[in-house]
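Chain A is the first sequence line, chain B the second, and so forth, proteins listed ahead of strands; every chain is numbered from 1.
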Amino acid sequence: MATEILMPALSPTMEEGTLAKWLVKEGDKVKSGQIIAEIETDKATMEFEAVDEGTVARLLVAEGTAGVKVNTPIALIAGDGESTATVPVAPPGAGPVAVVSDQAQAMIVPPASMKPAMAIPDEAPDMGWPAGTPVKTMTVREALREAMAEEMRADANVFLMGEEVGEYQGAYKISQGLLDEFGTKRVIDTPITEHGFAGLAVGAAFGGLRPIVEFMTFNFSMQAIDHIINSAAKTLYMSGGQMGCPIVFRGPNGAAARVGAQHSQDYAAWYAHVPGLKVVMPYTAADAKGLLKTAIRDPNPVIFLENEILYGRSFEVPDLPDYTVPFGKARIARVGSDVTIVSFGIGMALALDAAEALSKDGISAEVIDLRTLRPLDYDTVISSVMKTNRCVTVEEGWPVGAIGNHLSATIMTRAFDYLDAPVLNCTGKDVPMPYAANLEKLALVTVAEVIAAVKSVCYR
Amino acid sequence: MATRKAPETSNISKDDLLAYYREMLLIRRFEEKAGQLYGMGLIGGFCHLYIGQEAVVVGLEAAAKTGDKRITSYRDHGHMLACGMDPKGVMAELTGRSGGYSRGKGGSMHMFSKEKHFYGGHGIVAAQVPLGAGLAFADKYLGNDNVTFTYFGDGAANQGQVYETYNMAELWMLPVIFVIENNQYAMGTSVKRSTKSTTLFGRGTAYGIPGEQVDGMDVLAVKAAGDKAVAHCRAGKGPYILEMMTYRYRGHSMSDPAKYRTREEVQKMRDEKDAIEHVRDLLLQAGHASDEDLKAIDRDIKERVNEAAEFSKESPEADLSELWTDIYA
């Protein structure tokens with residue numbers, strides 16, 4: 001019996017990839033450890049080795065094929081003595097191979113739970129740009145890259161520094177191509193030394209530059225948090241307004257998938273606590289681009305919280321030469337009348353999915369994407385709650401000292417008489433992130449929990 | 001009682017010597033006055049005096065040119081005076097008044113002057129080290145030939161971020177002079193009780209950074225070492241480490257029980273190594289100044305310090321609206 005070679009998962013969040021190149025052809029003998037293919041993920045191009053010895057009986061997926069799902073059979077290897085001729089063309093049990101052309105790569109369908117809300121409620125939601133603006137579809141990753149490239153072209157004092165941002169092309173490929181365009185002076189690979197390079201970048205900002213510091217993930221910003229808070233956030237105040245710190249700290253935040261407690265944490269509430277910082281957490285590609293451009297131009301230290309799972313998701317982005325999104329302005333992503341769901345970042349995916357499901361039960365949910373946590377657009381939240389009289393907040397972070405807690409208190413203070421039910425906070429569970437797949441799922445906030453919370457505040 | 005050793009003959013100019021004398025004396029008198037104001041309750045919180053270490057900043061400032069930057073720890077009054085900041089503005093910041101450099105919002109440990117290229121005043125031990133390297137990074141990026149003097153103490157020298165910074169500074173050949181002010185005590189812990197390293201500058205070797213130990217009580221030796229380090233940095237050869245062997249006469253801050261060293265030890269340093277007395281002897285021996293001339297300088301400086309103290313008392317308290325300003329630019 002021939003052995004199936006399956007499309008491998010080459011990163012914690014990879015669900016599909018491109019079979020970029022076969023390095024063997026049918027009939028070739030392969031040895032264990034031999035590189036047989038190059039596979040491109042959304043993060044990198046990787047070499048794929050054979051595990052078993054034998055002869056390549058069939059290549060089931062042509063090179064250049066994009067959107068090949070993980071675990072799809074891509075080749076058959078016949079063992080010693082097996083005839084390669086007897087191997088069936090379509091292996092039993094294997095479903096049809098997903099074949100998507102290169103051109104269609106941007107249209108790869110995200111998993112169901114990650115789909116943007118497609119149902120159009122009574123009123124059109126705020127897209128964040130005027131109707132009739134030309135748009136293009138791009139991933140959050142491409143949007144972030146475009147934002148940096150545009151700002152680096154516009155201002156010679158903007159530079160990017162971090163681990164693997166240059167020659168490696170970015171641990172998550174956000175900075176892909178920037179080294180080629182801007183050179184080693186402005187795209188700087190650092191040693192693994194977060195405390196040191198964060199401090200150095202803050203000093204460079206004091207000295208007149210506009211650094212963008214990439215943390216490979218925000219988990220590692222814990223090593224640098226003294227400089228982020230004590231050196232960057234407080235200096236303008238301590239200097240009586242003399243010494244500002246225009247700097248952006250950006251990188252993926254929150255849980256990815258199956259990377260355990262030390263690599264899965266949401267820092268939104270941590271940084272939003274600190275006066276002197278601005279804190280941004282976009283959901284869509286348009287906001288990722290427009291807010292990052294605003295962040296780079298801002299004269300203050302900005303914490304820009306991205307999400308690894310969102311990097312590969314596609315959204316419409318205005319096709320404008322200089323698209324920016326102002327800080328402190330929430331976006332009504334879905335208009336509704338029965339309840340207000342407030343979220344930000346990846347929580348928006350859950351909020352929108354919940355709203356869609358609730359609409360089938362006759363509950364009309366208004367969904368607000370905060371976009372920036374500092375400054376926070378209280379007015380949009382309050383006026384929505386005054387209209388719906390109910391509110392549920394959704395975030396991935398822990399429940400104690402959560403953004404939702406703060407919103408609850410604010411709503412209680414400013415709109416107490418409008419509330420028909422207590423505000424409920426949907427958050428991650430109060431535990432370090434477990435590794436086990438089933439436990440991890442349990443630790444994260446879910447669409448079902450959001451739906452249950454909404455039903456509870458609607459007394460349904 | 002120990003006696004001072006005879007000063008070495010020197011070919012340094014009269015004007016330079018007089019300038020060093022004035023600047024060191026200004027720092028000492030200013031700090032003595034700050035100590036008094038603290039005792040009167042006019043200065044609050046922490047107040048770290050620089051008395052004893054004056055030769056370090058004065059000698060290094062003599063090696064600097066306009067545009068060079070400096071950054072230091074919380075023991076920062078001397079650095080500010082030496083780079084030309086106004087004693088009135090510094091003292092008024094100590095008293096937390098609106099005439100202070102940070103309009104009263106920074107205090108003793110947090111003052112800045114963009115005009116004089118003084119970048120603080122940092123209260124977290126060793127945080128100024130990567131910040132200083134970052135200032136040097138900016139200068140190199142912008143293509144000028146400025147250097148940054150990054151001061152830190154023997155205590156800070158055991159912080160990890162110092163070595164993260166050494167690594168990057170040499171890797172990227174940054175024009176930064178790391179000045180270790182080894183006053184021999186990190187708060188109450190002597191160098192001997194905190195490390196088995198015999199020298200602190202020698203730790204730069206691991207990263208390829210040259211350095212040397214300098215008599216930090218001798219302003220002429222400090223100036224000479226500063227010239228050498230500055231030339232190294234300006235020539236694009238990367239960072240340089242100067243370990244200044246110095247001594248603080250006063251406590252770590254104002255409430256220091258001083259149980260970790262003897263009165264005799266402090267008195268011996270004052271008698272044998274005092275930086276100001278050293279220059280005074282040089283001036284007198286070379287005939288550059290008479291006793292009467294030096295007394296006139298003393299009077300002049302005392303008057304400047306008294307004016308600063310008066311200003312710091314008269315300056316109004318911060319306007320209450322200041323609570324909410326300067327959080328964002």
Legend entry - Interface moiety of Leu135(B) toward chain A, non-hydrogen atoms closer than 4.5 Å: both
Just list the donor-acceptor pairs under 3.5 angstrom between chain B and chain A, please.
unit_1: Tyr101(B); atom_1: O; unit_2: Gln242(A); atom_2: NE2; d: 3.2
unit_1: Ser102(B); atom_1: OG; unit_2: Met238(A); atom_2: O; d: 2.6
unit_1: Arg103(B); atom_1: NH1; unit_2: Gly240(A); atom_2: O; d: 2.8
unit_1: Phe112(B); atom_1: O; unit_2: Gln242(A); atom_2: NE2; d: 2.8
unit_1: Lys114(B); atom_1: N; unit_2: Gln242(A); atom_2: OE1; d: 3.2
unit_1: Gly134(B); atom_1: O; unit_2: Ala204(A); atom_2: N; d: 3.4
unit_1: Tyr141(B); atom_1: O; unit_2: Lys185(A); atom_2: NZ; d: 2.9
unit_1: Tyr141(B); atom_1: OH; unit_2: Ala156(A); atom_2: O; d: 2.6
unit_1: Tyr141(B); atom_1: OH; unit_2: Arg186(A); atom_2: NE; d: 3.3
unit_1: Gln161(B); atom_1: OE1; unit_2: His195(A); atom_2: NE2; d: 3.3
unit_1: Gln161(B); atom_1: OE1; unit_2: His227(A); atom_2: NE2; d: 2.7
unit_1: Gln161(B); atom_1: NE2; unit_2: His195(A); atom_2: NE2; d: 3.4
unit_1: Glu164(B); atom_1: OE1; unit_2: Thr193(A); atom_2: OG1; d: 2.5
unit_1: Glu164(B); atom_1: OE1; unit_2: Gly196(A); atom_2: N; d: 2.6
unit_1: Leu323(B); atom_1: O; unit_2: Tyr237(A); atom_2: OH; d: 2.8
unit_1: Asp326(B); atom_1: O; unit_2: Tyr237(A); atom_2: N; d: 3.2
unit_1: Tyr328(B); atom_1: OH; unit_2: Gly276(A); atom_2: N; d: 3.3
unit_1: Tyr328(B); atom_1: OH; unit_2: Leu277(A); atom_2: O; d: 2.6
unit_1: Tyr328(B); atom_1: OH; unit_2: Arg374(A); atom_2: NH1; d: 3.2
unit_1: Ala329(B); atom_1: N; unit_2: Asn300(A); atom_2: OD1; d: 2.7
unit_1: Ala329(B); atom_1: O; unit_2: Asn300(A); atom_2: ND2; d: 3.4

Inset, instruction - Select, from Pro301(A), Pro275(A), Pro211(A), Gly199(A), the one with the greatest count of heavy-atom pairs under 4.5 Å involving chain B. - result: Gly199(A)
Legend entry - Minimal non-hydrogen separation, Gly196(A) against Pro130(B), with atom names: O-CB, 3.6 Å
Legend entry - Candidate pair Phe112(B) and Leu236(A), rule side chain to side chain contact (heavy atoms under 4.5 Å, CB included), full reasoning: CA-CA 10 Å; Phe112(B) 305 81; Leu236(A) 186 74; over 6 Å; no
Inset, instruction - Select all residues of residues 236-244 of chain B having any heavy atom within less than 4.5 Å of some heavy atom of chain A, and report them by number, or 'none'. - result: none
Inset, instruction - Identify which part of Ile188(A) has an atom lying under 4.5 Å from any heavy atom of chain B, answering side chain, backbone, both or neither. - result: side chain
Legend entry - Most contacts with chain B, counted as non-hydrogen pairs under 4.5 angstrom, among Gly276(A), Ala205(A), Gly241(A): Gly276(A)
Legend entry - Contact summary for Pro191(A) and Leu171(B), nearest pair of heavy atoms: CG-CD2, 4.1 Å
Inset, instruction - Compute the ring centroids of Phe159(A) and Phe137(B), then answer whether they are less than 6.0 Å apart. - result: yes
Inset, instruction - Using a cut-off of 6.0 Å, state whether more than 12 heavy atoms not belonging to Met187(B) lie near its atom CE. - result: no
Inset, instruction - Could you tell me whether Ile192(A) atom CD1 has more than 12 heavy atoms of other residues or ligands within 6.0 Å of it? - result: no
Inset, instruction - Please report the shortest heavy-atom distance between Ala138(B) and Gly207(A), naming the atom on each side. - result: CB-O, 3.7 Å
Inset, instruction - Check whether more than 12 heavy atoms from other residues, nucleotides or ligands sit under 6.0 Å from atom CZ of Phe220(A), and answer yes or no. - result: yes
Legend entry - chain A contact via Leu174(B) - side chain, backbone, both or neither, heavy atoms under 4.5 Å: side chain
